[in-house]
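Structure, as structure tokens:
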Amino acid sequence: MYTSGTTLSTFIIEEKRRLGEQATGEFTGLLNDISIACKSIAALVNKGALAGVLGVAGSENAMGDAQKKMDLIANDLFINALQNNGHCAGMASEELDEILTLPEGKVRGSYLVTFDPLDGSSNMDINIDVGAIFSVLKAPKGKQDPTAEDFSRAGVEQIAAGYCLYGPSTMFVLTTGNGVNGFTLDTTIGEFILTHPEMKVPETTQEFAINASNQRHWEPAVQRYFADCLAGEEGPLAKNYNMRWVAAMVGEVHRILCRGGVFLYPIDERNRDAGGKLRLLYEGNPMAMIMEQAGGLASTGYGRIMEVAPNGDPHQRVAVIMGSKQEVETILAYHDAG
Ligand code: FDP
């Protein structure tokens, strides 16, 4: 018998049932909205130059990054998918200065969504992996429109997080707090199908990912760890390492989920005051939830990313060290040593 496999919607409904949770369909609807945004983005990313979506838009986002055309298109597609179906009460996007409330007349749902609609967008024009990252929080009760304060919550409060990787195939990877599952887009039927159930990060690794061109700016603990990695078998870590740098966090995290590794974007002297380079709300927290749910660790070097106290700025930055449990613990020991 031929089967089409387990679709993302079926998986979410079945998971709720298995856990004995009351399901109104709203959460399933919300994830479906997000998956539709991702499918629309995938279609355009895949067409690339043919769809006229490459190149810069000529604008900057709240963090001063030059925006690509596709950053803005992906942002619009997320907003469109989320504001019309009554599942979402408000959004925060890496591409927007302020949080976004819904237009008048739209039904407010029970959830807040944060997203980075096109992570690693500097890869877009060279046809290398890009992705989308999202996180879901409960909306405050009895409030028509959420404020920035309502998004200012520690990562431990997330009720779901995920990413979509636009690579050789399009993959949607999701956690709702019960492990991590991966779905591959079957473009012939337009559905995400469960292909990677219960993803687990291998505990040990010999692979690291860091932008080594920043080495001179890193703090001493990371400098020492990196030097010991390069020393290989003869060094204190007594193993030969391999290095990868996709330059899109979604790509790094996906590789780590598939075969282990560590990804570091540590504090460096240029971003120390800001707290790091990557964004807590759009990148740090959702990827930390996925990593921990898959058995890995996610730290700033000094504490769990998901416990970092939000400072009220939706564009707060954070240092990131995440991946295979034992290797992250090794890096934390370098931090403990000062
Ligand atoms: P990008 O600036 O291209 O959006 O979001 C930040 C991010 O990409 C991550 O996805 C990626 O891991 C990192 O920055 C790349 O940093 P470098 O520019 O230092 O390579």
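Counting starts at 1 for both ligands and their atoms, following the listed order. Keep in mind that the numbers below use all heavy atoms, side chains included, and drop hydrogens, waters and symmetry copies.
Residue Asn211 places at least one N or O, backbone or side chain, under 3.5 Å from an N or O of ligand 1. Looking at Arg279 next to ligand 1, no N or O pair under 3.5 Å apart turns up. Considering backbone and side-chain atoms alike, Leu118 places every N or O at 3.5 Å or more from each N or O of ligand 1. Distances between N or O atoms of Lys277 and those of ligand 1 include at least one value under 3.5 Å. Ligand 1 has a nitrogen or oxygen under 3.5 angstrom from a nitrogen or oxygen of Tyr265.
Closest to atom 4 (O) of ligand 1 among all protein heavy atoms lies Gly120 N, 3.1 Å. Nearest non-hydrogen protein atom to atom 12 (O) of ligand 1 is Met249 N, 3.3 Å.
Aromatic rings of His335 and Tyr302 (six-membered ring for Trp) have centroids within the 6.0 Å cut-off, being under it.
Ligand 1 lies out of reach of Tyr282, whose nearest heavy atom is not under 4.0 Å from it.
No hydrogens or angles considered: nothing links the side chains of Asn214 and Asp268 as a donor-acceptor pair under 3.5 Å.
In this structure, OG1 on Thr205 lies 9.0 Å from CZ on Arg255, to the nearest 0.5 angstrom. Residue Arg18 holds its CZ atom at 13.0 Å from CD1 of Ile13, rounded to the nearest 0.5 Å.
Those atoms of ligand 1 with a heavy atom of Leu278 less than 4.0 angstrom away are 6 (C). Annotation for ligand 1: atoms under 4.0 Å from non-hydrogen atoms of Ser122 are 3 (O). Heavy-atom contacts of Ser121 reach the following atoms of ligand 1: 3 (O), 4 (O) (cutoff under 4.0 Å). Within ligand 1, the atoms closer than 4.0 Å to a non-hydrogen atom of Trp245 are 15 (C), 16 (O), 20 (O), numbered from 1 in the order shown. Proximity to Asp119 (heavy-atom distance under 4.0 Å) selects the following atoms of ligand 1: 5 (O), 9 (C), 10 (O).
Partner of Phe134 under the ring-ring contact (aromatic ring centres under 6.0 Å, His included) criterion, chosen from Phe172, Tyr282, Phe115: Phe172. Each of Asn32, Thr7, Val173, Leu185 was checked for a side-chain contact (heavy atoms from CB on, under 4.5 Å) with Phe192, and the lone residue meeting it is Leu185.
Using a cutoff of 4.0 Å between basic side-chain nitrogens and carboxylate oxygens, Lys39 and Asp186 are not scored as salt-bridged.
The closest side-chain heavy-atom distance from Arg317 to Asp313 is not below 4.5 Å. Residues Met322 and Met249 are in side-chain contact: their nearest non-hydrogen atoms beyond the backbone lie under 4.5 Å apart.
In Glu283, the part holding a heavy atom less than 4.0 Å from any atom of ligand 1 is the side chain.
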